[in-house]
Amino acid sequence: MQVTVKTFAHLRDRLGFAEQAAEVPDDARVLDVWQTVTDGSEMPRNVLAAVNLDYAAADTRVHDGDEVAFFPPVTGG
């Protein structure tokens, strides 16, 4: 199945893309998407994820056509 992957802030620079399509297995989870777009690297503990604009855990299942976003923690004041 195919998902759209978006990255923000320094992750966009680190991974080298702002948005791209990714092919993942039918039973993929957020962590599998991360590993697909990073050639298997471990997902840092401080990276946040969202699926279709809702915060998601690394073990959240994704579905065909979903949008998966990765971004650093948000701070502000």
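In what follows, every heavy atom counts, from backbone to side chain, and hydrogens, waters and symmetry copies are set aside. In this chain, residues are counted from 1 in sequence order.
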Peer 1: Sequence neighbours left out, what pairs pass ring-ring contact (aromatic ring centres under 6.0 Å, His included) with at least one residue falling in residues 18-63?
Peer 2: Trp34-Phe70, Tyr55-Phe71
Peer 1: Using side-chain contact (heavy atoms from CB on, under 4.5 Å), reason through Thr38 and Met43 one step at a time and then give a plain yes or no.
Peer 2: CA-CA 9 Å; Thr38 63; Met43 189 169 151; over 6 Å; no
Peer 1: Would you say that more than 12 heavy atoms from the other residues, nucleotides or ligands in this model lie under 6.0 Å from the CD of Glu42, or not?
Peer 2: no
Peer 1: Please round to the nearest 0.5 Å and tell me the distance separating atom CD of Gln2 and atom CG of Asp66.
Peer 2: 12.0 Å
Peer 1: How far apart are the closest heavy atoms of Val37 and Ala22, and which atoms are they?
Peer 2: CG1-CB, 4.0 Å
Peer 1: Determine all donor-acceptor pairs shorter than 3.5 Å in which one atom belongs to a side chain in residues 26-33; sequence neighbours excluded.
Peer 2:
unit_1, atom_1, unit_2, atom_2, d
Arg29, NH1, Asp59, O, 2.8
Asp32, OD2, Arg29, N, 2.8

Peer 1: Could you tell me if the side chain of Asp54 sits less than 4.5 Å from the side chain of Asn52, heavy atoms only?
Peer 2: no
Peer 1: Using the rule that two of Ile, Leu, Val, Met, Phe, Trp, Tyr join whenever any of their side-chain heavy atoms come within less than 4.5 Å, decide whether Phe8 and Leu48 are in one cluster.
Peer 2: yes
Peer 1: Could you report the tightest heavy-atom contact between Gln35 and Ser41, atom names first, then the distance?
Peer 2: CG-O, 3.5 Å
Peer 1: Does the side-chain contact (heavy atoms from CB on, under 4.5 Å) test come out yes or no for Glu67 and Leu53, once each step is laid out?
Peer 2: CA-CA 8 Å; Glu67 176 187 282; Leu53 303 178; 3.8 Å; yes
Peer 1: Looking at every non-hydrogen atom in both residues, tell me the closest pair between Met1 and Asp64 and how far apart they are.
Peer 2: SD-N, 3.1 Å
Peer 1: Is the closest side-chain heavy-atom distance between Arg14 and Pro72 below 4.5 Å?
Peer 2: no
Peer 1: Check Ala56 against Val51 and note the closest heavy-atom contact, atom names and distance.
Peer 2: CB-CG2, 3.7 Å
Peer 1: Once ring-ring contact (aromatic ring centres under 6.0 Å, His included) is applied, do any residues pair with Phe17, and if so which ones, sequence neighbours excluded?
Peer 2: none
